[in-house]
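Report on the following structure.
All residue numbers in this chain count up from 1 along the given sequence.
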Amino acid sequence: LDDNFASIVTAVEEGRLLFDNLKKTISYALTANIPELTPFLLFIIAGIPLPIGPIAIVLICIGTDIVPAISLAYEKAEYRLMQRKPRNPVTDRLASHALIFQAYGQSGMIQSAAGFLTYFVVMGESGFMPYTLLSLSTAWNDPNFNVQDSFGQDWSFENRKQLEFTC
């Protein structure tokens with residue numbers, strides 16, 4: 001400990017930087033939840049074949065969530081960090097309503113839409129139009145059943161699994 005006034009200014013700057021970087025990290029981590037959850041919801045609700053398996057989700061989380069989130073924690077200070085007014089501890093929270101809406105309602109939904117667009121394009125190019133995927137999950141996962149696509153081609157279980165890995 002020292003009683004130098006410059007140390008107080010440095011501590012305030014470091015505290016603001018830490019608060020900002022934690023907000024960025026939390027926002028990034030929350031954003032990934034929606035695109036990881038929506039395939040399972042559509043699998044349950046609409047009965048479409050599962051676009052991505054649970055193990056792949058875990059591997060994607062490990063590869064794309066941890067390292068970038070850690071790097072956000074080490075970002076440099078934004079311009080004019082010390083010229084900002086002090087934050088209000090009552091209203092300026094770490095996980096505010098605006099941050100949660102931005103992470104879940106905006107960024108998460110955009111990522112989900114992009115993922116499903118890619119899924120439906122790949123499936124459509126392979127012969128499965130989006131309307132034919134509804135309620136197809138039971139037959140899709142049955143190894144003893146051949147599934148017909150929109151063009152009347154039969155798909156064996158092995159071919160369906162290979163198409164799944166393509167998505």
Side-chain angles (χ1 to χ4, degrees), residues 1-126 128 130 133-134 137 140-141 161-167:
L1 294 175
D2 64 16
D3 49 351
N4 186 356
F5 186 72
S7 299
I8 296 172
V9 174
T10 304
V12 169
E13 184 176 8
E14 288 293 321
R16 288 183 179 186
L17 176 63
L18 180 67
F19 187 82
D20 285 351
N21 288 349
L22 278 174
K23 280 186 92 159
K24 292 173 191 173
T25 303
I26 289 171
S27 176
Y28 181 80
L30 291 178
T31 299
N33 290 341
I34 295 295
E36 292 166 358
L37 182 67
T38 51
F40 294 103
L41 289 177
L42 277 177
F43 172 73
I44 293 167
I45 295 169
I48 66 167
L50 198 56
I52 190 166
I55 305 234
I57 291 257
V58 170
L59 292 174
I60 288 170
C61 283
I62 291 170
T64 63
D65 286 357
I66 294 173
V67 175
I70 290 171
S71 69
L72 285 173
Y74 290 102
E75 271 198 356
K76 296 190 183 215
E78 292 180 9
Y79 182 68
R80 295 181 163 223
L81 180 69
M82 290 303 287
Q83 273 84 31
R84 287 191 288 192
K85 293 181 182 177
R87 69 177 187 87
N88 184 343
V90 176
T91 58
D92 297 333
R93 298 184 175 267
L94 199 54
S96 64
H97 293 291
L99 181 131
I100 291 172
F101 174 75
Q102 183 269 332
Y104 284 146
Q106 189 177 11
S107 300
M109 292 298 181
I110 291 170
Q111 286 180 14
S112 291
F116 276 111
L117 175 70
T118 304
Y119 171 75
F120 287 126
V121 165
V122 169
M123 294 297 276
E125 285 180 347
S126 299
F128 292 97
L133 294 173
L134 297 175
S137 63
W140 186 271
N141 292 318
K161 289 303 165 186
Q162 188 169 358
L163 177 60
E164 244 178 57
F165 295 133
T166 306
C167 292

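For Glu164, the side chain to side chain donor-acceptor pair (under 3.5 Å) test picks out Trp140, Lys161, with sequence neighbours left out. For Lys24, the salt bridge (Lys or Arg N to Asp or Glu O under 4.0 Å) partners at least two apart in sequence or on another chain are Glu75, Glu78. Listed by chain and residue number, nothing satisfies the side chain to side chain donor-acceptor pair (under 3.5 Å) test with Ser126 (two or more places apart in sequence, or in another chain). In this structure, the side chain to side chain donor-acceptor pair (under 3.5 Å) partners of Gln102, at least two apart in sequence or on a different chain, are Ser27, Ser107. With sequence neighbours excluded, the residues forming a side chain to side chain donor-acceptor pair (under 3.5 Å) with Arg84 are Asp20, listed by chain and number. In terms of the side-chain contact (heavy atoms from CB on, under 4.5 Å) criterion, Ala114 has no residue partners (sequence neighbours excluded). By the side-chain contact (heavy atoms from CB on, under 4.5 Å) test, Leu22 is found to be paired with Leu18, Leu94, residues two or more places apart in sequence or in another chain being considered. Under the side-chain contact (heavy atoms from CB on, under 4.5 Å) criterion, Ala69 pairs with Thr25, Tyr28, not counting sequence neighbours.
Within 6.0 Å of the CZ atom in Phe101, the count of heavy atoms belonging to other residues, nucleotides or ligands does not exceed 12.
Side chains of Glu13 and Leu81 form a contact here, defined as non-hydrogen atoms less than 4.5 Å apart. At least one side-chain heavy atom of Ile48 sits less than 4.5 Å from a side-chain heavy atom of Phe116.
Judged as a salt bridge (Lys or Arg N to Asp or Glu O under 4.0 Å), not a single pair has a partner in residues 85-108 (not counting sequence neighbours). Within the structure, the salt bridge (Lys or Arg N to Asp or Glu O under 4.0 Å) test picks out no pair touching residues 111-123 (sequence neighbours left out). Pairs engaging residues 50-65 under the side chain to side chain donor-acceptor pair (under 3.5 Å) rule: none recorded [sequence neighbours left out]. For residues 107-124, the set of pairs meeting the salt bridge (Lys or Arg N to Asp or Glu O under 4.0 Å) definition, not counting sequence neighbours, is empty.
Under the 3.5 Å distance criterion, the side-chain polar atoms of Ser71 are matched with a main-chain donor or acceptor of Pro68.
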Audit row: Tyr74, Asn21, side chain to side chain contact (heavy atoms under 4.5 Å, CB included) steps and yes/no: CA-CA 7 Å; Tyr74 290 102; Asn21 288 349; over 6 Å; no
